[in-house]
Amino acid sequence: MTRTIKLNSGYDMPLVGFGCWKVTNDTCAETVYNAIKTGYRLFDCAQDYGNCKEIGQGLKKAFDEGVVKREDLFITSKLWNNYHDPKHVEEALDKVLSDMQLSYLDLFLIHFPIAFKYVPIEEKYPPGFYCGDGDNFHYEKVPLLETWKAMEALTETGKVRSVGISNFNASLILDLLRGCKLVPAVLQIEHHPYLQQPQLVEFCNKNGIAITGYSSFGPQSFLELNQDRALKTPTLFEHDVIKSIANNHKKTPAQILLRWATQRNIAVIPKSNNQGRLLQNLEVVDFDLTTEELKKIESLDIKLRFNDPWDWDKIPIFY
């Protein structure tokens with residue numbers, strides 16, 4: 001039985017999903033297919049990950065073979081920064097749906113509260129940091145509420161069931177709540193013992209916004225990017241506190257990190273190409289950490305953020 005969170009939109013979102021960030025194009029279709037066969041029912045995707053077509057191939061294989069039906073899965077994707085202008089929001093969604101061979105998404109998020117200059121899909125897709133001028137960043141003057149209203153309108157088309165946000169701080173959410181018709185169903189944030197953001201979590205809980213945590217393993221999630229901060233930060237897998245709690249429960253450190261989130265009703269989206277770890281990452285709702293263990297993990301918070309647009313172009317969304 002898949003454990004779920006009831007969203008304010010009325011839909012149920014699985015508490016544990018599979019994250020498709022950094023899943024390589026050559027392995028992606030088979031990885032997604034294997035994850036479905038292992039038992040995953042939530043897949044977290046994004047335009048910017050550049051693997052939507054391959055994810056769609058993996059989904060189609062599972063559908064064609066009768067492993068699952070479309071309605072058995074919860075598929076999330078994200079609006080990239082170049083498509084914030086309301087006239088481009090549905091265009092961006094349509095590209096996602098086409099690439100993934102789907103008729104609707106369960107959840108569509110604004111990926112970052114940052115509006116880059118529009119880049120036509122035929123010019124470069126996904127555009128990444130490209131804003132039509134080489135390596136130079138260019139921005140558009142599009143208020144977030146205008147983008148959000150275009151997101152809200154998508155729910156009336158049948159192409160999106162729920163809409164939400166990602167990488168927003170509480171001030172931005174407060175402003176959005178003052179003008180929105182639909183309260184965001186989900187906020188997706190970087191969340192691990194080194195960056196716990198308890199006030200933001202509490203604020204969202206009070207306002208009926210579910211939380212999905214990404215990069216649950218902290219620096220481990222950024223080693224593949226050769227990020228200096230991640231390379232210099234001690235891995236949570238070897239941290240004495242995490243290892244000790246893992247020994248107490250006869251679980252892996254990864255399972256402890258995921259249970260620390262899911263026990264507090266925060267959804268997680270780990271990825272793995274290893275079949276054994278795929279299954280282990282799913283098995284994180286059948287045991288409980290003690291109050292003392294939760295407090296020990298709480299003490300590890302050093303407010304260390306690894307995914308920060310300040311590193312891109314000194315964009316201060318978290319300052």
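Just so it is clear, the structure is predicted and the values come from calculations on it, not from any experiment. Hydrogens, waters and symmetry mates play no part in the numbers below; they use all other heavy atoms, side chains included.
Considering only residues two or more places apart in sequence or on other chains, Phe137 meets the ring pair (Phe, Tyr, Trp, His ring centres under 6.0 Å) condition with Phe116, Phe129. Taking the ring pair (Phe, Tyr, Trp, His ring centres under 6.0 Å) definition, one finds that Tyr214 meets it with nothing, sequence neighbours left out. Here Lys232 pairs with Asp228 under the side-chain hydrogen bond (donor to acceptor under 3.5 Å, both in side chains) rule; sequence neighbours left out. For Thr31, the side chain to side chain contact (heavy atoms under 4.5 Å, CB included) partners are Phe18, Val23, Thr27, Asn273, not counting sequence neighbours. Applying the side-chain hydrogen bond (donor to acceptor under 3.5 Å, both in side chains) test to Gln263 and every residue at least two apart in sequence or in another chain returns nothing. Asp301 is linked by a side-chain hydrogen bond (donor to acceptor under 3.5 Å, both in side chains) to nothing, counting only residues two or more places apart in sequence or in another chain.
With respect to the salt-bridge test (charged N to carboxylate O, under 4.0 angstrom), the residues Asp44 and Lys271 do not qualify. Classification of Lys22 and Glu224 as a salt-bridged pair holds, one side-chain N sitting under 4.0 Å from a carboxylate O.
Within the structure, salt bridge (charged side-chain N to carboxylate O under 4.0 Å, His left out) contacts touching residues 133-150 (residues at least two apart or in different chains) do not occur. Among pairs with a residue in residues 203-213, those fulfilling side-chain hydrogen bond (donor to acceptor under 3.5 Å, both in side chains) read Glu202-Lys206, at least two apart in sequence or across chains. For the ring-ring contact (aromatic ring centres under 6.0 Å, His included) condition, the pairs that include at least one residue of residues 250-281, sequence neighbours left out, are His191-Trp260. Here salt bridge (charged side-chain N to carboxylate O under 4.0 Å, His left out) pairs that include residues 280-294, with residues two or more places apart or in two chains, are Lys251-Asp286, Arg259-Asp288, Glu292-Lys296. Residues in residues 141-185 take part in no ring-ring contact (aromatic ring centres under 6.0 Å, His included) pair, two or more places apart or across chains. The side-chain hydrogen bond (donor to acceptor under 3.5 Å, both in side chains) contacts involving residues 103-116 comprise Arg70-Asp106, where partners must be two or more places apart or lie in separate chains.
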